[in-house]
Amino acid sequence: VLGISGSMRKDGNTAILVKTILEHCKGDGIKTEFVSLAGKKIHPCLGCEKCKEKKWCVIENDDWQKIVNKVLDCDVLVIGSPTYYYDVCGQLKNFIDRTYSLYHDRKLAGRQGVAVAVQAQKGATRTIQTLEGFLSTHEFSSLGSVKGNGYHEGDVLSDKEALVKAEKI
């Protein structure tokens, strides 16, 4: 099970919820890995369409390849984002957009996925929809989603409903 937090806060609320899911998997003897996109360089998709021919994204001078290889190696992806203006944050959107290069040959199909979103007050529903759209497009089977509430680092720990749902997933 691979957990990715798209937040720029390495140990923020999104990371906390993703890690909560991973900890419960680990407790059941399942191998897990956590990746934070904080501090990573992920360029946006150029829309060049060269990936159709190359069967891989042609942008090479960033961290996308290393992280997407972990996605290719996982059976289950837990992908999380803070809510920015009612949607996923830009860093995670860049990561998602670049997976277009894997779509042509359905390289991600057959995995399972969990969408995680954290909101300050509202907007997580649309963030979850974007994440589930990504998972569905790449033919992941959905294992569900978790929405949490929090603004300052650690606030999500007060959202008992989100923590219980993360544990159940």
Item to complete: Run the salt-bridge test on K26 and E23 with the 4.0 Å N-O cut-off and return the result as yes or no.
Response: yes
Fill in: Separation between CD of Q129 and OG of S136, rounded to the nearest 0.5 Å
12.0 Å
Worksheet item: Take atom NZ in K55; do more than 12 heavy atoms of anything else shown fall under 6.0 Å from it?
Response: yes
Item to complete: Would you please say whether a donor-acceptor pair under 3.5 Å links the side chains of T83 and T127?
Response: yes
Worksheet item: Can you find a heavy atom in the side chain of F134 that is under 4.5 Å from one in the side chain of L92?
Response: no
Item to complete: Can you spot which of K93, R126, K122 makes a salt bridge (charged side-chain N to carboxylate O under 4.0 Å, His left out) with D87?
Response: R126
Discussion item. Return the CD1 to NZ distance between I21 and K165, rounded to the nearest 0.5 Å.
Written reply: 10.0 Å
Worksheet item: Does V68 belong to the same Ile/Leu/Val/Met/Phe/Trp/Tyr cluster as I96, with side-chain heavy atoms less than 4.5 Å apart forming each link?
Response: yes
Worksheet item: Are side-chain N/O atoms of E153 and N13 paired as donor and acceptor at under 3.5 Å?
Response: no
Worksheet entry | Shared hydrophobic cluster for M8 and V156 (ILVMFWY, side-chain gaps under 4.5 Å) | no
Fill in: Q65 CD: over 12 foreign heavy atoms closer than 6.0 Å
yes
Worksheet item: CD1 of I42 to CZ of R98: how many Å apart, nearest 0.5 Å?
Response: 7.5 Å
Discussion item. Tell me which one of Y103, Y100, W64 satisfies ring pair (Phe, Tyr, Trp, His ring centres under 6.0 Å) with W56.
Written reply: W64
Discussion item. How long is the straight-line distance from CZ of F95 back to CD1 of I79, given to the nearest 0.5 Å?
Written reply: 6.5 Å
